[in-house]
*Asks:* 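Before we start, here is the structure in question, set down as C-alpha cells.
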Amino acid sequence: MSVRPTTLALLLFFGTTFLFFSLFAPRFATASNMENLMSGFSFLAILAIGQSFPILLRGIDLSIGAIVALAGMVAFDLTLIFHVPGYLVLPAALAAATLAGTLNGALIVYLRLQPFIATLATLAVYRGLVYSISGRQLVRGLSTTPITDRWITDLETYYDLGSAVGLSRFIKFPWFPLSFFVMLALLAVFQSVLITTRFGRDIYAVGGNLEAARLAGINTRRTTIAAYAICGFCAGIAALILVARLTTSTEALGTGMELTAIAAAVIGGVSLSGGVGSVFGPAIGAFLLGVILLGLTLLGVSQFVQQILTGAILLGAIGYDRLLVVRRQRRTAVFLAERA
Amino acid sequence: MNAVFASRTAQADEASPPVLSVRGASKRFGSVLALAGIDISVSRGEILGLLGDNGAGKSTLIKCISGVHRFDSGSIIIDGAITTIRSPGEARFAGIETVYQDLALFDNLTPAQNFFAGREISGPQWLPRGLRFLKQRRMDAETEALLGNLKVTLPKLDAVVAMMSGGQRQAIAVARSTVFARKVVILDEPTAALGLRESRQVLDLVATLRDQGNAVILITHNMEHVIELADRAVVLRQGRKVGELVPTKDNKQELVSMIVGA
Ligand SMILES: Nc1ncnc2c1ncn2[C@@H]1O[C@H](COP(=O)(O)OP(=O)(O)OP(=O)(O)O)[C@@H](O)[C@H]1O
Ligand SMILES: [Mg+2]
C-alpha cells in the first residue's frame with residue numbers, strides 16, 4: 001500500500017515539531033506537560049480513529065461532536081436520574097453512540113444521501129435530542145450534582161509506570177492516563193482489522209471504487225453502515241472519557257470536535273477522496289495537533305492565533321491531499337483520453 | 001497450484017450444448033427500448049463476437065447477464081437450467097465472470113488485491129466472513145504465478161494499479177477473469193484504445209480463456225479481432241438481433257453493413 005512513505009513523513013514531522021518545542025517552549029519537555037498531552041488528546045485520537053472509517057469510504061461524519069454529547073447525556077441521565085449502576089451505564093452509552101452512527105450509515109445507504117448532508121442533518125438532530133433529554137434541564141439541582149459512580153469516574157485514572165519499572169529514580173516520569181491505554185487498544189484493534197481482515201479490505205475496495213466493489217460482489221451497504229457504526233462507537237468511548245474527567249456532562253459537550261477529528265485524520269494521511277490511509281496516521285495526527293497547541297500555549301501564543309493556526313494546518317493537509325489526488329486523476333484522465 | 005487456478009481442457013465440440021443461452025431478452029430504460037427479444041447462446045471453448053454500433057444494446061445485454069441490470073422479460077439458461085441472476089454476486093456464483101467496459105479496477109489497490117477483491121483467500125472459516133484474516137502472502141504468490149503464466153509483465157507487483165499504464169491495467173482486468181472463470185467470461189471492449197502490442201497481449205489472454213474451456217462473449221468494434229478470434233458473431237442494431245454468422249475475411253463487408261444497417 002502507498003501508505004508508508006506518508007506515515008514516515010508524518011512521524012518525521014511529529015518528531016521535528018516535538019523537538020522544536022522541547023528546545024524553545026519553556027516547560028514543554030516536562031512530565032506534567034506530557035501528562036497534559038496524553039490526557040488532553042487521547043480522546044481526540046480516538047475520535048480521529050473513528051472518523052477515519054467514513055473518510056476511508058470517501059464519506060465524512062460531521063455528527064460525532066453531537067454523538068459525544070448524546071452518549072454523555074445518556075450516561076448523565078442514567079446515573080443521576082435513574083441511578084442505574086455504572087457497569088450498565090457504560091454499555092448503554094456506548095450502545096446509544098453506536099446506534100447514532102448506525103443511523104448515519106443507514107441514511108446514507110438507504111436514502112442515498114451525501115454523507116456530508118446526512119451527517120449535517122443528524123448533527124442537528126442529535127444535538128437537539130441532547131437538549132430535550134438533558135437531565136440538567138429536566139431535574140432541578142442536577143446540574144451541580146457530580147457523577148460519583150466509581151465505574152465511570154475510575155476511567156479517569158493515572159498510572160505511575162515510571163515507579164513501576166523503576167525509571168522514576170532517574171527522571172521525573174509522567175503518569176499515564178487510562179484514556180491513553182484505551183486509545184492504544186482501539187488503535188491496535190482497528191489497525192489490524194483494517195490491514196488484516198476481509199472487512200478491512202472491503203473498506204479499501206468500497207472507498208477506492210464503489211461501483212467496482214458492488215460488481216465484485218462486496219456488500220457495500222453493510223460495509224458502509226459498519227464504518228459509520230464504528231465511528232459512532234469511538235465517539236461513545238471519547239464521551240465516556242470526557243464525562244469521567246468532568247464528573248458531569250453538558251449539552252454543549254463535544255461541540256466542534258468533529259472538525260478537529262477530521263483535521264487529525266487528514267493530517268494523518270487519510271485521503272478525503274477515499275481508499276487511502278489507515279488509523280495509525282490519524283492517531284499520530286491528533287497528538288501532533290496536541291503538541292502544536294500545547295507548545296504554542298507555553299510559548300504564550302494566544303488562543304485565537306492558535307485557532308487560526310489549527311485551521312491553517314488543516315488547509316495545508318487538505319491541500320497536500322488534493323495535490324496527490326489531482327496527480328492521480330491526471331494519470332487516469334490521460335489513460336481515459338487514450339481509450340476514447 | 002491450487003483449485004483456484006485449476007484449468008479445464010477445452011472441449012471445443014461444435015455439437016456441445018450451449019453453456020449459456022439467453023431467450024427472448026427485452027429491456028427498457030424509460031422510453032428507450034435497449035433490448036427487444038434477443039436470443040443468443042454460447043458453448044464451452046467458443047468465442048462469440050457481439051457486434052453493433054454505439055448504443056446498439058451490447059453493454060446492456062451483458063450487464064443483464066452479469067447481474068448489474070435485470071431483463072424486463074426473457075430468461076437465462078445455464079447448462080440447461082433456467083437461472084435467475086439478481087446480482088453480480090449471483091452471476092459469479094453461477095460461473096460468469098465479466099470484464100466491464102468501464103474498467104472495474106480499484107486504483108488504490110495492488111494487482112493482487114484487485115484480483116481477489118470480494119473473494120479474498122482468508123480464514124479461519126469459523127469466523128464471520130468480515131473478520132476472517134487475509135492470506136495476503138498466498139494471494140500475492142498466486143497472482144505472481146498467474147501473471148507469469150499469462151506472460152503479463154508488470155513493473156512492480158506491490159504498486160497500486162493507479163500507477164500502471166492502460167495496457168497493464170486492462171491486462172490485469174482480463175487476467176483477473178482467467179483466475180476465477182468457471183463457465184462464461186464476458187469481455188466488453190477489452191482492447192478499446194490499447195496500443196498494438198497491448199491489444200495483442202489482451203487478445204492472447206482471450207484465446208487463453210477459450211482454451212481453458214470457457215465460453216467467451218467478446219464485445220468489440222474491431223473487425224480484425226472478430227475475424228481472428230470469434231467462432232460466431234451476433235450483430236445487434238437498436239436493441240434487435242439483425243444477424244448471426246461465422247466471421248471470415250470474405251464476409252467482413254456483409255458484417256459491416258449489418259452493423260450500420262445499410
Ligand atoms: N442505465 C441506463 N439508463 C438509461 N438508459 C440506458 C442505460 N444504459 C444504457 N442505456 C441506453 O440503452 C441503449 C443501449 O446502450 P448500451 O450501453 O447497451 O449500448 P452499447 O451497444 O454498449 O454501445 P457502445 O458501443 O457505445 O458501448 C442506449 O440508447 C443507451 O442510452
Ligand atoms: Mg457498451
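In what follows, every chain begins at residue 1, and chains take the letters A, B, ... in the order their sequences are listed.
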*Asks:* Using 0.5 Å steps for rounding, measure from the CD atom of B:Glu120 to the OG1 atom of A:Thr197.
*Replies:*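 Here the interatomic distance stands at 9.5 Å.
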*Asks:* Looking at B:Pro88, B:Gly195, B:Gly130, which one has more heavy-atom pairs under 4.5 Å with chain A than the rest?
*Replies:*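 Sorted descending by pairs with chain A, the first entry is B:Gly130.
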*Asks:* Does any heavy atom of chain A fall under 4.5 Å from the side chain of B:Gln136, the backbone, both, or neither of them?
*Replies:*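 Interface part for B:Gln136: side chain.
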*Asks:* For atom CD of A:Gln114, is the number of surrounding heavy atoms from other residues, nucleotides or ligands below 6.0 Å larger than 12?
*Replies:*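 At most 12 heavy atoms, drawn from other residues, nucleotides or ligands, come within 6.0 Å of this atom.
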*Asks:* Can you confirm whether B:Ile82 is buried at CD1, in the sense that more than 12 heavy atoms of other residues, nucleotides or ligands lie under 6.0 Å from that atom?
*Replies:*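 Check fails, neighbour count at 12 or below.
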*Asks:* Do A:Asn219 and B:Arg129 have side chains that get closer than 4.5 Å, going by heavy atoms?
*Replies:*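 A side-chain contact is absent here, since even the closest heavy-atom pair is not under 4.5 Å.
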*Asks:* Going from CG on A:Asn209 to CZ on B:Phe106, what distance comes out if it is rounded to the nearest 0.5 angstrom?
*Replies:*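 It comes to 6.0 Å.
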*Asks:* At a 4.5 Å cut-off on heavy atoms, which part of B:Ser87 comes close to chain A: side chain, backbone, both, or neither?
*Replies:*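 Contact with chain A: none, neither part.
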*Asks:* With chain B, which of A:Ala213, A:Ala226, A:Ser192 has the greatest number of heavy-atom pairs at distances under 4.5 Å?
*Replies:*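 Among A:Ala213, A:Ala226, A:Ser192, the one with the most close pairs to chain B is A:Ala213.
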*Asks:* If you measure from CZ on B:Arg119 to CD1 on A:Ile218, what distance do you get to the nearest 0.5 Å?
*Replies:*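 Rounded to the nearest 0.5 Å, the CZ-CD1 separation comes to 10.0 Å.
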*Asks:* Which heavy-atom pair separates B:Ala117 from A:Ala216 by the least distance, and what is that distance?
*Replies:*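 Taking every non-hydrogen atom into account, O-CB, 3.8 Å.
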*Asks:* Is it true that atom CZ of A:Phe199 has more than 12 heavy atoms of other residues, nucleotides or ligands lying nearer than 6.0 Å?
*Replies:*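 For A:Phe199, atom CZ is crowded (more than 12 foreign heavy atoms under 6.0 Å).
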*Asks:* Tell me, side chain or backbone of B:Arg132 under 4.5 Å from chain A's heavy atoms, or both, or neither?
*Replies:*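 Contact with chain A involves both backbone and side-chain atoms of B:Arg132.
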*Asks:* Considering residues, nucleotides and ligands other than B:Phe29, do more than 12 of their heavy atoms fall under 6.0 Å from its CZ?
*Replies:*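 Atom CZ in B:Phe29 is packed in, count exceeds 12.
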*Asks:* Between the side chain of B:Asn108 and the main-chain N/O of A:Tyr204, is any donor-acceptor distance below 3.5 Å?
*Replies:*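 Answer holds: yes.
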*Asks:* Kindly check if the number of other-residue, nucleotide or ligand heavy atoms within 6.0 Å of CZ (B:Phe93) is above 12?
*Replies:*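 Count not over threshold, so no.
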*Asks:* Output, in order, the C-alpha distance, side-chain angles, deciding distance and verdict of side chain to side chain contact (heavy atoms under 4.5 Å, CB included) for A:Arg214 and B:Val68.
*Replies:* CA-CA 9 Å; A:Arg214 209 169 63 82; B:Val68 179; 4.2 Å; yes
*Asks:* Tell me whether A:Tyr320 at atom OH has more than 12 heavy atoms from other residues, nucleotides or ligands lying less than 6.0 Å away.
*Replies:*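 Incorrect, the count does not exceed 12.
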